[in-house]
Peer 1: 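If you scroll down you'll find the structure; I have some questions about it.
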Amino acid sequence: MGPSEEDRHLRFEGDADCEPAPLPTLRHSSSHVMAQAVKELFPDVKLAIGPAIEDGFYYDFAKPEPFTAEDLERIEARMREIIRKDLPFVREEMPREAAIRFFGTRGEPFKVEILNGLDAPTVSLYRQGDFVDLCRGPHVPSTGQIKAFKLLSCSGAYWRGSEKNPMLQRIYGTAWLSQADLDRHLWRLEEAKKRDHRKLGRELDLFVFHDVSPGAAFWLPKGMVIFRELERFYREVHDARGYQEISTPILVNKRLWEESGHWEHYQENMFLVEVEEQVFGLKPMNCPESSYVYRHHLRSYRDLPLRFSELGRLHRFERSGTLAGMFRVRQFTQDDAHIYCRPDQLQAEITGVIEIVQLLYGTFGFEPRFFLSTRPAKAMGDAALWEQAETALREALQKRDVPFEVRVGEGAFYGPKIDAVISDVLGRDWQLATVQCDFVMLPERFRLDYVDADGQGKRPVAIHRAIYGSFERFVGILTEHFAGAFPTWLAPVQARVLPVSEKTAAYGRSVFERLRDGGIRVELDDRNEKLGYRIREAQLQKVPYTLVVGARESQEGTVNLRRRNEEDSAALPVAAVVDGLTREVTSRSLTLTVGRS
RNA sequence: GCCGGUGUAGCUCAGUGGCAGAGCAGCUGAUUCGUAAUCAGCAGGUCGUGGGUUCAAGUCCCACCGCCGGCUCCA
């Protein structure tokens with residue numbers, strides 16, 4: 001975990017408060033202009049900090065009452081005035097002691113607190129018009145440089161990021177080099193809102209949440225189809241690669257969690273139940289129990305590697321304010337697996353996992369980026385083993401010919417790891433897959449061993465890995481990525497048959513039955529509604545293929561096939577539709593191919 | 001957990017102390033229809049929950065719960 005925005009901003013060592021590139025500089029300057037506008041409109045507020053962040057900027061203010069939407073409009077209008085005046089940003093330097101007096105007399109306690117924490121003899125201030133702020137820069141030459149910006153929202157934020165500190169009022173804004181860039185960003189925000197999986201999940205009957213179980217989804221029949229297709233794909237891939245699926249208890253005696261260390265380190269995130277004077281916990285992770293499966297037999301070096309996969313349902317207590325649809329839940333299904341191997345097998349095993357990551361993600365059109373995290377300061381376990389494992393991870397990535405970034409010292413205390421990050425169609429990043437080597441947690445705590453060729457007991461290495469991460473979050477991401485228009489193999493309903501009128505209802509039923517017998521998820525919509533109405537509904541439900549059948553089609557043994565979001569349609573023999581759909585589903589195609597020449 | 005917002009029919013929302021509403025969805029009937037909404041009728045409510053103020057509470061006050069945007073958290 002790197003330093004937070006606050007940490008970076010408050011440190012005041014080095015020479016800049018933001019990356020000296022044009023865009024971060026512009027955003028940083030925008031935050032100063034916003035602070036000036038706020039001070040002019042609300043002279044009593046105290047200034048905290050205001051850095052550039054991804055996509056924009058914020059500034060924190062101490063103010064008894066929160067800012068309202070109307071306040072934001074006034075602030076934005078005042079910012080435009082300041083920009084129109086084209087005030088130059090002027091840098092001044094001052095001895096630290098003088099700066100403390102300066103901000104003291106201006107009634108800015110947070111600035112004084114920051115200055116008191118610095119050891120620099122001299123600090124810099126930036127001034128535009130009557131506004132002065134403690135700041136290392138850089139800034140744009142003058143306020144007139146800021147053209148494309150917008151204030152977005154305000155919310156509470158703790159001073160210095162600690163919940164023990166007073167809560168400040170934070171205003172977020174976004175700023176770009178051109179109006180076109182700003183418009184694109186605002187469009188993306190709008191589009192994200194439209195694609196919100198909580199909304200689509202309800203509209204498409206995939207899943208819902210109820211207040212009887214905060215943070216746990218009710219999977220509806222159509223959502224469960226997607227869940228099952230993901231499982232099917234997962235099992236197909238893993239069965240073919242020597243994984244053995246297991247399933248372990250969800251409710252487990254506290255003794256296990258004491259043994260694994262979760263009782264000491266993770267208890268506050270666990271749901272506990274007391275029965276017959278014994279305490280049980282809902283499992284927050286699968287790993288401890290996986291080691292029980294390992295220990296079920298005495299293992300030989302010839303048995304290794306052992307690859308145990310488990311689609312385990314986990315519960316983690318997340319604080320109420322942190323839940324967010326499928327993205328942050330209390331109950332989820334992890335596509336977990338634990339590989340137990342000898343140190344000399346590490347590289348081959350990691351290579352295999354990366355191959356699976358590429359295969360699974362590639363099927364959804366995601367291109368994963370990989371990050372290798374190496375030994376942290378507080379690491380446990382044998383140094384030579386660390387060295388060997390880091391080399392194995394590196395070689396595995398090279399062997400799969402994937403570029404990767406190294407995050408020095410970011411590994412877990414029990415071993416190095418590889419994380420994979422994907423970007424969705426709106427450019428948002430998601431960290432999903434993780435591959436972690438483990439020399440300590442499972443092998444040491446559970447005293448795992450195998451009998452080596454020399455007859456001696458040896459300790460295996462464990463690899464924890466998940467690809468989707470959790471089915472819940474992954475389906476949430478897919479829903480937004482595809483805007484509900486899932487590829488045919490995932491689509492809850494793959495085709496819908498619409499007889500034009502009752503006169504062709506019988507033929508419509510026969511077409512429906514042929515598709516159903518062909519293993520296609522098909523629905524017959526022979527309701528007493530006009531064709532246009534039923535077409536519209538199929539489109540809104542994002543059904544990939546709509547098959548219209550009328551007198552012509554019933555004579556010729558064809559259907560009139562219309563693809564999702566296309567207006568053209570064409571007649572096709574029923575057999576060709578079944579074949580085409582089967583091929584498309586079997587190949588897990590990302591595009592609609594049936595009826596294309 | 002903290003700050004703020006919010007909660008009225010399955011969904012989207014109106015209703016600022018005086019008879020709980022609309023559109024869509026649902027049901028019934030008519031219409032038998034060729035590629036994004038046919039017409040008519042009917043039914044649908046613990047106004048999140050619990051207290052309080054008031055002659056009277058969806059509306060005002062308090063507490064709790066859920067949700068939304070952030071913060072914090074995510075060994």
Side-chain angles (χ1 to χ4, degrees), chain A residues 1 4-6 53 58 60 63-69 71 152-172 189 193 196 198-199 202-203 205 208-215 257 260-270 284-285 287 316-325 327-330 376 378 380 412-414 431 436 440-441 473 496 498-505 526-541 543 546-554 559-571:
Chain A
M1 190 73 75
S4 69
E5 294 296 339
E6 282 80 3
I53 55 173
Y58 67 77
D60 286 345
K63 178 174 176 289
E65 298 299 321
F67 294 100
T68 64
D71 292 340
L152 296 175
S153 61
C154 51
S155 67
Y158 299 110
W159 167 237
R160 297 198 145 168
S162 166
E163 60 187 330
K164 294 189 186 76
N165 286 339
M167 185 155 284
L168 308 171
Q169 302 302 328
R170 173 172 299 179
I171 302 179
Y172 284 95
L189 293 179
K193 223 179 273 175
D196 190 316
R198 292 165 294 202
K199 180 170 172 277
R202 196 172 48 236
E203 289 172 1
D205 290 321
V208 287
F209 290 86
H210 292 288
D211 59 11
V212 290
S213 189
W257 308 117
S260 69
H262 287 86
W263 194 253
E264 191 185 342
H265 298 292
Y266 207 74
Q267 192 188 149
E268 65 277 15
N269 289 302
M270 288 178 64
M285 296 175 198
C287 24
R316 295 182 186 175
F317 173 72
E318 306 287 358
R319 296 206 280 178
S320 55
T322 65
L323 302 174
F327 292 158
R328 189 73 185 274
V329 288
R330 285 179 176 160
K378 49 165 188 172
M380 291 175 68
F413 70 89
Y414 50 79
Q431 203 233 278
Q436 308 194 350
V440 182
M441 293 290 281
R473 198 160 75 113
R496 194 176 275 183
L498 311 187
V500 172
S501 77
E502 271 176 26
K503 290 172 189 152
T504 48
D526 57 359
R527 286 175 303 169
N528 181 13
E529 296 288 351
K530 289 177 76 175
L531 183 61
Y533 178 91
R534 289 174 288 153
I535 294 269
R536 174 183 147 83
E537 193 154 290
Q539 293 285 309
L540 290 175
Q541 286 290 308
V543 176
T546 303
L547 313 178
V548 174
V549 293
R552 255 196 324 272
E553 289 76 16
S554 96
V559 300
N560 190 274
L561 176 137
R562 174 179 167 142
R563 280 180 291 270
R564 179 173 59 200
N565 298 330
E566 286 182 31
E567 288 180 20
D568 293 346
S569 62

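A, B, ... follow the sequence lines: proteins, then strands. Residue 1 opens every chain.
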Peer 1: Using a cut-off of 4.0 Å on non-hydrogen atoms, how would the nucleic acid contact of Y172(A) be classed: base, sugar-phosphate, or nothing?
Peer 2: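 Y172(A): backbone/sugar contact only, no base atoms under 4.0 Å.
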
Peer 1: Suppose you measure atom P in G15(B) against the same atom in C71(B); what distance do you get, rounded to whole Å?
Peer 2: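 It works out to 32 Å between them.
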
Peer 1: In whole angstrom, give the distance that lies between atom NZ of K164(A) and atom C1' of C73(B).
Peer 2: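 Rounded to whole Å, this separation is 12 Å.
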
Peer 1: Which whole-number value in Å describes the distance from R534(A) CZ to U32(B) P?
Peer 2: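 Roughly 14 Å, once rounded to whole Å.
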
Peer 1: Could you work out the separation of G10(B) and A25(B) based on their C1' atoms and round it to a whole Å?
Peer 2: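 Rounded to whole Å, the distance is 7 Å.
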
Peer 1: List for me each residue that meets ring-ring contact (aromatic ring centres under 6.0 Å, His included) alongside Y172(A), sequence neighbours excluded, and say none if there are none.
Peer 2: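 Y58(A).
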
Peer 1: Sort me out a list of protein N/O and nucleotides 2-6 of chain B N/O pairs below 3.5 Å, or just none if empty.
Peer 2:
from: C2(B); atom 1: O4'; to: Y158(A); atom 2: OH; distance (Å): 3.3
from: C2(B); atom 1: O2; to: Y158(A); atom 2: OH; distance (Å): 3.3

Peer 1: To the nearest Å, how far apart are K378(A) NZ and A75(B) C1'?
Peer 2: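 Result: 8 Å.
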
Peer 1: If you go through the side-chain atoms of R316(A), does one of them form a donor-acceptor pair with the base of C73(B) closer than 3.5 Å?
Peer 2: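 A donor-acceptor contact between them is absent.
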
Peer 1: Quick one: W257(A) CH2 to A75(B) C1', roughly how many Å, whole number?
Peer 2: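 The distance from CH2 of W257(A) to C1' of A75(B) comes to 13 Å, rounded to the nearest Å.
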
Peer 1: Taking all heavy atoms of N565(A) and all of Q539(A), pick out the closest pair and write down the distance.
Peer 2: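 Nearest heavy atoms, N565(A) then Q539(A): N-OE1, 3.1 Å.
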
Peer 1: Between R527(A) and E502(A), does at least one N-O distance fall below 4.0 Å, as a salt bridge requires?
Peer 2: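 No salt bridge links R527(A) with E502(A).
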
Peer 1: Using the side-chain heavy atoms of F413(A), tell me which of these nucleotides is nearest: A75(B), C74(B), G69(B).
Peer 2: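 The answer is A75(B), which lies nearest to the side chain.
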
Peer 1: Quick one: H265(A) NE2 to C74(B) P, roughly how many Å, whole number?
Peer 2: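 Roughly 14 Å, once rounded to whole Å.
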
Peer 1: With the side chain of S501(A) defined as its heavy atoms from C-beta on, choose the nearest nucleotide among A75(B), C71(B), C33(B).
Peer 2: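 From the listed options, C33(B) comes nearest.
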
Peer 1: After noting the C-alpha distance and the side-chain angles of E163(A) and R319(A), does the key distance pass the salt bridge (Lys or Arg N to Asp or Glu O under 4.0 Å) rule?
Peer 2: CA-CA 14 Å; E163(A) 60 187 330; R319(A) 296 206 280 178; 3.3 Å; yes

Peer 1: Pick the P atom in A63(B) and in G5(B), then give their distance to the nearest Å.
Peer 2: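 One P to the other, the span is 13 Å.
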
Peer 1: Report the distance from atom CD of E203(A) to atom CZ of R198(A), rounding to the nearest 0.5 Å.
Peer 2: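 Spacing of CD (E203(A)) from CZ (R198(A)) equals 13.0 Å.
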
Peer 1: Looking for any heavy atom pair under 4.0 Å, which part of the strands does H262(A) touch: base, sugar-phosphate only, or nothing?
Peer 2: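 It contacts base atoms.
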
Peer 1: Among the candidates G26(B), C33(B), C71(B), find the nucleotide nearest to the side-chain atoms of A157(A).
Peer 2: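 Of the options given, the side chain of A157(A) lies nearest C71(B).
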
Peer 1: How far apart are the closest heavy atoms of Y414(A) and V440(A), and which atoms are they?
Peer 2: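 Smallest heavy-atom distance, with atoms named: CB-CB, 3.8 Å.
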
Peer 1: Please check if atom CD in E268(A) has more than 12 non-hydrogen atoms from other residues, nucleotides or ligands closer than 6.0 Å.
Peer 2: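 Above 12, so yes.
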
Peer 1: From CZ of F327(A) over to P of C67(B), roughly how many Å is that when rounded to an integer?
Peer 2: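 Rounded to the whole Å, the gap is 16 Å.
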
Peer 1: U6(B) and U16(B): how far apart are their P atoms, nearest whole angstrom?
Peer 2: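 Pairwise P distance, U6(B) against U16(B), rounds to 15 Å.
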
Peer 1: Using the P atom on both, measure G48(B) against U59(B) and round to a whole Å.
Peer 2: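 These two P atoms come out 8 Å apart once rounded.
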
Peer 1: Please find the pair of heavy atoms, one from M270(A) and one from F317(A), that lie closest to each other, and give the distance.
Peer 2: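 Distance-wise, the nearest heavy atoms are N-CB, 4.3 Å.
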
Peer 1: E318(A) CD to U72(B) C1': how many Å, rounded?
Peer 2: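 The distance from CD of E318(A) to C1' of U72(B) comes to 12 Å, rounded to the nearest Å.
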
Peer 1: Salt bridge or not between E566(A) and R562(A)? Use side-chain N to carboxylate O under 4.0 Å.
Peer 2: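 Judged by the 4.0 Å cut-off on N to carboxylate O distance, E566(A) and R562(A) do not form a salt bridge.
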
Peer 1: To the nearest 0.5 Å, tell me how far K63(A) NZ sits from D71(A) CG.
Peer 2: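 The NZ atom of K63(A) sits 5.5 Å away from the CG atom of D71(A).
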
Peer 1: Minimum heavy-atom separation for A571(A) to N560(A), with atom names?
Peer 2: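 In this case the closest contact between A571(A) and N560(A) is N-ND2, 4.0 Å.
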
Peer 1: Just so I know, are the side chains of S569(A) and V548(A) near enough to count as touching, which here means a heavy-atom distance under 4.5 Å?
Peer 2: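 No; the side chains remain at least 4.5 Å from each other.
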
Peer 1: Please figure out whether D196(A) or K503(A) has its closest RNA chain B nucleotide nearer the 5' end.
Peer 2: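 The 5'-side residue here is K503(A).
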
Peer 1: Between G58(B) and G18(B), how far is it from one P atom to the other, in whole Å?
Peer 2: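 Their P atoms lie roughly 10 Å apart.
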
Peer 1: Stem ranges for RNA chain B, with three or more consecutive Watson-Crick or G-U pairs under 3.5 Å?
Peer 2: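 Consecutive-pair runs (3 or more) involving RNA chain B: B:1-7 with B:65-71, B:10-13 with B:21-24, B:26-30 with B:38-42, B:48-52 with B:60-64.
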
Peer 1: To the nearest angstrom, how far is L323(A) atom CG from G69(B) atom P?
Peer 2: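 Whole-Å distance recorded here is 11 Å.
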
Peer 1: I'd like the P distance from G52(B) over to G45(B), given in whole Å.
Peer 2: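 Per the computed distance, 27 Å lies between those P atoms.
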
Peer 1: When rounded to the nearest Å, what value does the distance between C1' atoms of A9(B) and G26(B) take?
Peer 2: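 A9(B) and G26(B) have their C1' atoms separated by 11 Å.
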
Peer 1: Could you list the residues that satisfy ring-ring contact (aromatic ring centres under 6.0 Å, His included) with Y533(A), not counting sequence neighbours?
Peer 2: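 Partners of Y533(A) under the ring-ring contact (aromatic ring centres under 6.0 Å, His included) test: none.
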
Peer 1: Do you know the tightest heavy-atom contact between L323(A) and R330(A)?
Peer 2: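 Heavy atoms of L323(A) and R330(A) come nearest at CD2-CG, 3.8 Å.
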
Peer 1: Which atoms of nucleotides 7-14 of chain B (N or O only) lie under 3.5 Å from a protein N or O atom, and what are those distances?
Peer 2:
from: U12(B); atom 1: OP1; to: R202(A); atom 2: NH2; distance (Å): 2.9

Peer 1: Just verifying a value: how many Å separate W159(A) CH2 and L168(A) CG, rounded to the nearest 0.5 Å?
Peer 2: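 One finds 7.5 Å between CH2 of W159(A) and CG of L168(A).
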
Peer 1: Once each nucleotide of nucleotides 34-40 of chain B is scored for protein heavy atoms under 4.0 Å, what B/S/- sequence comes out, 5' to 3'?
Peer 2: BBBBB--

Peer 1: Is M441(A) touching bases, backbone alone, or none of the nucleic acid, heavy atoms closer than 4.0 Å?
Peer 2: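 Base, at least one base heavy atom under 4.0 Å.
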
Peer 1: Heavy atoms only: give me the nearest M285(A)-W257(A) pair and the separation to one decimal.
Peer 2: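 Between these two residues, the closest heavy atoms are O-CH2, 4.1 Å.
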
